[in-house]
J.: 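The following block contains the structure, expressed as structure tokens.
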Amino acid sequence: MVAIVTGGSKGIGLAIARAFLDRGMQVTVTGRNAADLDRAQRDLAGGANVLALAADVRNPEEASRVVDETVSRFGGLDVLVNNAGIGRFTPVADMSIEAWREVIDTNLSGVFYCTHAALPELRRRGGGYIVNISSLAGKNAFTGGAAYCASKAGLNAFSEALMQEVRYDNIRVSYVMPGASNASDDWKLTPEDVARVVVDLISHEARSLASRVELRPSRPRKG
């Protein structure tokens, strides 16, 4: 199987890429920072099974290039994980237009661009899987998070509509909504927790679809 993981140079994306490689998959990871990509390629140690591409998902041409280079390198595409995302947390009155656009364009428009580019290849392959990494912030808004929460709520709705559009092409669509994550606090989720969910999703029998997964710490800090 061949997968693309956007935002795959660190954090959740890197953990997902590593989990895919452990399953014998071939993986393209994308990111905007060349140093992070170089480090990820070394850390993944996947050799010829890893393709690291510098790309900005906010640019539709770059999203298309990622799909094209993946297909050229590995011969097809089976799984797209839309993980690239950013957060800018400030009250609406204080948020710049540029910051708003950066969040929406990355977390929502970027998912559309990558998905739009990937769908013809998934259909050509006879089906596949799209996993969108969202957040519980998409349903639980908070002060200072208007842009981020709006982008993730939009991503959830996009995923629901897409799932209904492509299900008869044998393309399954899921979105994962992680809660608190921070490796420095042992009660919070880790990137590997999210990666395990993504692997489980693509491993389901084709007749079943877990279209939405809410993932939260089982024992959050009290108080």
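Starting from 1, each residue takes its place in the sequence as its number.
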J.: Is it true that R124 and E121 have a side-chain N and a carboxylate O under 4.0 angstrom from each other?
T.: yes
J.: Treating N59 as the side-chain partner and E61 as the backbone partner, does any N or O pair qualify as donor plus acceptor under 3.5 Å?
T.: yes
J.: Which one of V66, V57, D56 satisfies the side chain to side chain contact (heavy atoms under 4.5 Å, CB included) criterion with T6?
T.: V57
J.: Under the side chain to side chain contact (heavy atoms under 4.5 Å, CB included) criterion, do N49 and V27 qualify, and how do the steps go?
T.: CA-CA 6 Å; N49 289 327; V27 183; over 6 Å; no
J.: Just by distance, do the side chain of R23 and the backbone of M1 share a donor-acceptor pair under 3.5 Å?
T.: no
J.: Just do the side chain to side chain contact (heavy atoms under 4.5 Å, CB included) check on E160 and Y175 with the steps written out, would you?
T.: CA-CA 8 Å; E160 293 276 358; Y175 58 104; 2.6 Å; yes
J.: Does the side chain of R32 come within less than 4.5 Å of R58's, by heavy atoms?
T.: yes
J.: Does V194 share a hydrophobic cluster with L136, counting links as ILVMFWY side-chain heavy atoms below 4.5 Å and allowing steps through other members?
T.: no
J.: Compare every heavy atom of R172 with every heavy atom of H204, then report the nearest pair and how far apart it is.
T.: O-NH1, 3.2 Å
J.: My understanding is that only one of N170, L80, D78, L201 makes a side chain to side chain contact (heavy atoms under 4.5 Å, CB included) with Y129; could you say which?
T.: L201
J.: Got a second to check how far T28's OG1 is from R73's CZ, nearest 0.5 Å?
T.: 7.5 Å
J.: Test side chain to side chain contact (heavy atoms under 4.5 Å, CB included) on V198 and I133 and set out the steps.
T.: CA-CA 9 Å; V198 174; I133 305 301; 4.0 Å; yes
J.: Between N156 and R212, is a side chain to side chain contact (heavy atoms under 4.5 Å, CB included) present by the stated rule, with each step listed?
T.: CA-CA 9 Å; N156 297 347; R212 179 179 68 192; over 6 Å; no
J.: For residues G76 and R125, report the shortest heavy-atom separation together with the two atoms involved.
T.: CA-NH1, 3.4 Å
J.: Which side-chain N or O atoms in residues 107-114 pair as donor and acceptor under 3.5 Å with protein atoms at least two apart or in another chain?
T.:
| from | atom 1 | to | atom 2 | distance (Å) |
| --- | --- | --- | --- | --- |
| N107 | OD1 | I86 | N | 2.9 |
| N107 | ND2 | I86 | O | 2.9 |
| N107 | ND2 | S151 | OG | 3.1 |

J.: Does a donor on one side chain sit under 3.5 Å from an acceptor on the other, for D193 and T190?
T.: yes
J.: Answer yes or no: does atom CZ of R123 have more than 12 heavy-atom neighbours from other residues, nucleotides or ligands under 6.0 Å?
T.: yes
J.: Roughly how far, to the nearest 0.5 Å, is NZ of K139 from NZ of K152?
T.: 15.5 Å
J.: Taking all atoms of both residues into account, what is the closest heavy-atom pair of A63 and A117, and its distance?
T.: O-CB, 4.1 Å
J.: Rounded to the nearest 0.5 Å, how far apart are CG of L53 and CD1 of I4?
T.: 8.5 Å
J.: Out of curiosity, S174 OG to M163 CE, how far, rounded to the nearest 0.5 Å?
T.: 8.5 Å
J.: Is any side-chain N of the basic residue among R65 and D68 closer than 4.0 Å to the acidic one's carboxylate O?
T.: no
J.: To the nearest 0.5 Å, what is the distance between CZ (R39) and CG (L37)?
T.: 9.5 Å
J.: Quick one: do I104 and F89 end up in the same hydrophobic cluster if we chain Ile, Leu, Val, Met, Phe, Trp and Tyr together by side-chain heavy atoms under 4.5 Å apart?
T.: no
J.: So among D36, V29, L14, which one has a side chain to side chain contact (heavy atoms under 4.5 Å, CB included) with S9?
T.: D36
J.: Taking only residues two or more places apart in sequence or in another chain, which ones pass side chain to side chain donor-acceptor pair (under 3.5 Å) with S159?
T.: N132
J.: Hydrophobic clustering (ILVMFWY, side-chain heavy atoms < 4.5 Å, transitive) - are M177 and I130 grouped together?
T.: no
J.: Restricting to non-hydrogen atoms, name the atom on Y148 and the atom on G87 that form the minimum distance, rounded to 0.1 Å.
T.: CD1-CA, 3.9 Å
J.: In this structure, would V103 and L155 fall into the same cluster of hydrophobic residues linked by side-chain contacts under 4.5 Å?
T.: no
J.: May I ask you to decide if G7's main-chain N or O and T30's side chain share a donor-acceptor pair within less than 3.5 Å?
T.: yes
J.: Report the distance from atom CG of D186 to atom CZ of R221, rounding to the nearest 0.5 Å.
T.: 8.5 Å
J.: Do you know which two heavy atoms are closest between A137 and F142, and how far apart they sit?
T.: CB-CE2, 3.8 Å
J.: Which heavy atom in I202 sits nearest to a heavy atom in F20, and how many Å separate them?
T.: CD1-CE2, 3.5 Å
